[in-house]
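Any value given below was found using the heavy atoms of this structure, including those in side chains, with hydrogens, waters and symmetry copies removed. Computed from a predicted model, the values in this text were never measured in an experiment. In what follows, chains are A, B, ... by sequence order, proteins preceding strands, each numbered from 1.
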Amino acid sequence: MSFQIPRGTQDILPEQAAKWQYIEQIARELCRRYNYQEIRTPIFEHTELFLRGVGDTTDIVQKEMYTFEDRGGRSLTLRPEGTAAVVRSFVENKMYGYPNQPVKLYYMGPMFRYERPQAGRFRQFVQFGVEALGSNDPAIDAEVIALAMDIYRSLGLKKLKLVINSLGDVESRKSHRQALIDHFQPRIHEFCDDCQARLHKNPMRILDCKKDRDHELMRTAPSILDYLNEQSRTYFEKVQMYLQKLGIAFEVDPRLVRGLDYYNHTAFEIMSEAEGFGAITTLCGGGRYNGLVQEIGGPETPGIGFALSIERLLAALEAEGISLPISEGIDCYVVALGEQAKEEAVALVAALRQEGVAAEKDYQDRKVKAQLKAADRLHATYVAILGEDELQKGVINVKHMATGEQQEVPLDIFVSHMKNVLK
RNA sequence: GCGGCUAUGGCGAAGUGGUUAACGCACCAGAUUGUGGCUCUGGCAUUCGUGGGUUCGAUUCCCACUAGUCGCCCCA
């Protein structure tokens with residue numbers, strides 16, 4: 001074996017690719033209905049963008065970035081997530097000046113993180129995500145969540161759990177942060193190393209720790225929800241009200257903390273509850289990021305979005321035993337016998353294709369029997385057999401594979417005949 | 001970054017310190033001089049992830065590496 005695919009990446013072979021196309025099509029169609037428009041940004045950006053946008057205390061920035069220097073000495077990074085780049089483009093192209101606000105965008109493409117691969121985790125993976133920039137209406141939070149749920153439901157997923165939380169605004173977070181430090185500080189030595197490090201860096205993450213999950217201080221820890229100021233609480237309540245109005249079931253989990261620094265107010269996650277799903281159950285994560293646009297150098301602009309991984313979506317479909325309605329099989333396989341017929345078959349196949357018929361022929365110099373077998377393997381609806389006899393009579397033998405019925409069709413009307421029977 | 005398990009033909013999968021590496025599926029050919037899906041017959045791994053080591057001899061034992069997989073951390 002001379003070459004192999006880089007670690008944590010995968011080839012999407014034709015059979016799988018058909019599923020990808022189907023999912024992409026559903027996602028695009030729903031974006032059309034929700035009026036989100038596609039934006040395509042580069043696969044790499046200046047490293048500085050992610051340091052700023054994602055936050056330099058995050059794991060992503062600290063240990064997961066594919067960073068390299070180009071020949072001009074610039075530090076570039078393969079994008080580890082989509083939001084920073086979309087916001088960069090929003091600012092750079094002055095989209096805050098667009099007449100239609102909020103600006104509603106979606107993107108779909110590969111992201112890169114240098115991590116150890118595992119079930120549902122890759123070094124290159126594809127995210128579909130949306131961003132709504134310029135609105136502070138809790139209804140847009142609900143819309144974004146609804147769009148994510150709609151995508152999953154349209155594909156047939158049932159075993160989903162939507163969890164939401166509010167991280168509050170800057171003021172609320174500050175007071176909650178202090179309350180957490182006061183709560184854990186006296187007994188922090190009873191916690192794991194990670195938690196001890198988190199105490200001052202990001203005490204909220206202690207609540208997320210799985211090792212110390214059962215420590216009594218965890219149960220009694222101050223909840224962010226108790227520290228939301230008036231404005232933040234009202235906002236969160238409205239988001240919930242709208243979700244109810246949309247008939248979307250959810251659970252409030254005050255311990256839900258999103259990994260990226262830029263989140264505030266609404267945070268949410270959609271998980272799969274399917275049996276036998278791997279350890280990583282998060283299908284989609286998102287939230288509000290009101291400070292980010294300014295951080296990237298634009299005017300103060302609120303924003304909310306989510307990102308979901310197509311790989312995990314496929315895994316969820318698999319876990320729920322859902323097969324997508326992928327059409328397979330060609331319309332007509334032209335079987336040729338003899339030199340003259342072979343030459344003729346090339347023209348016939350071309351003519352069929354010209355008229356929109358999916359057609360194939362043999363290129364392996366197979367015998368009739370083997371050509372039929374090949375047609376069968378390709379799930380051809382029809383087979384058209386052309387030999388010496390047919391050429392003599394100016395006809396072609398059209399056989400319906402499922403019924404075995406066969407009829408002679410004059411060569412000059414063959415293509416239109418096929419178009420007819422295939423309707 | 002850390003830990004467990006794994007690595008045999010296109011795929012699935014048995015197996016042994018000793019010289020022919022089971023079997024199933026798929027594929028190819030023939031039985032069937034021009035007709036698929038069924039049946040029968042035959043063919044299909046100079047080789048057991050890569051590199052070292054132990055040994056008279058290793059696919060089988062040991063080590064390293066690479067990759068996969070599951071989990072931790074974290075996340076999509």
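- Remark on RNA chain B: of its neighbouring residues A:Tyr114 and A:Leu308, the 5'-side contact belongs to A:Tyr114, judged by nearest-heavy-atom nucleotide.
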Every protein N/O lying under 3.5 Å from an N/O of nucleotides 65-70 of chain B:
residue: B:U66; atom: O2'; partner: A:Gln4; partner atom: OE1; Å: 2.9
residue: B:G68; atom: OP1; partner: A:Gly8; partner atom: N; Å: 3.1
residue: B:G68; atom: OP2; partner: A:Arg7; partner atom: NE; Å: 2.8
residue: B:C70; atom: OP2; partner: A:Ala119; partner atom: N; Å: 2.9

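- Looking at the side chain of A:Ala370, the nearest of the listed nucleotides B:A29, B:G34, B:G30 is B:A29.
- In terms of polar N and O atoms assigned as donor or acceptor, the side chain of A:Arg121 never comes within less than 3.5 Å of the base of B:A76 in a complementary pairing.
- Residues A:Tyr107 and A:Phe128 place their aromatic rings such that the two centres sit no closer than 6.0 Å.
- Residues of residues 379-389 of chain A that place a heavy atom closer than 4.0 Å to RNA chain B, in numerical order, are A:Ile385, A:Glu388, A:Asp389.
- Taking a 4.0 Å limit (strictly below) on heavy-atom distances, residues 406-422 of chain A reaches RNA chain B at A:Gln406.
- Across B:G10 and B:U6, the matching P atoms stand 23 Å from one another, rounded to whole Å.
- Of the residues in residues 27-41 of chain A, none lies under 4.0 Å from RNA chain B by heavy-atom distance.
- Under a cut-off of 6.0 angstrom, the local environment of CD in A:Gln37 is sparse, with at most 12 non-hydrogen atoms contributed by other residues, nucleotides or ligands.
- As rounded to whole Å, 13 Å separates atom P of B:A29 from atom CG of A:Leu372.
- Of the side-chain N and O atoms in A:Arg366, one or more sit less than 4.0 angstrom from OP1 or OP2 of B:C28.
- Geometrically, A:Arg123 engages A:Tyr114 in a cation-pi contact, judged by NZ or CZ lying under 6.0 Å from the ring centre and within 45° of the ring axis.
- When heavy atoms are screened at a 4.0 angstrom cut-off, A:Arg377 is found touching the sugar-phosphate backbone but no base atom.
- A donor-acceptor contact under 3.5 Å is not formed by the side chain of A:Glu269 with the base of B:A76.
- One cannot find a donor-acceptor pair under 3.5 Å joining the base of B:G37 and the side-chain atoms of A:Lys373.
- Annotation for A:Arg52: atom CZ does not count as buried by contact number, only 12 or fewer foreign heavy atoms lying within 6.0 Å.
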Polar-atom pairs under 3.5 Å, protein N or O versus N or O of nucleotides 38-41 of chain B: list them with distances, or write none.
none

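- Annotation: side chain of A:Glu273 is not in contact with side chain of A:Thr281 (no heavy-atom distance under 4.5 Å).
- Under the side chain to side chain contact (heavy atoms under 4.5 Å, CB included) test applied with A:Phe250, the options A:Lys161, A:Gln244, A:Met149 reduce to a single match, A:Gln244.
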| query | Given pairs defined as Watson-Crick or G-U wobble with both distances under 3.5 Å, what dot-bracket annotation applies to RNA chain B, with ( ) intrastrand, [ ] crossing, | other strand and . unpaired? | reply | (((((((..(((.....[....))).(((((.......))))).....(((((..]....))))))))))))....
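- For B:G34, the base has no donor-acceptor partner in the side chain of A:Gln371 [N/O atoms by modelled type, under 3.5 angstrom].
- Using a 4.0 Å heavy-atom cutoff across all strands shown, A:Leu313 reaches no nucleic acid atom at all.
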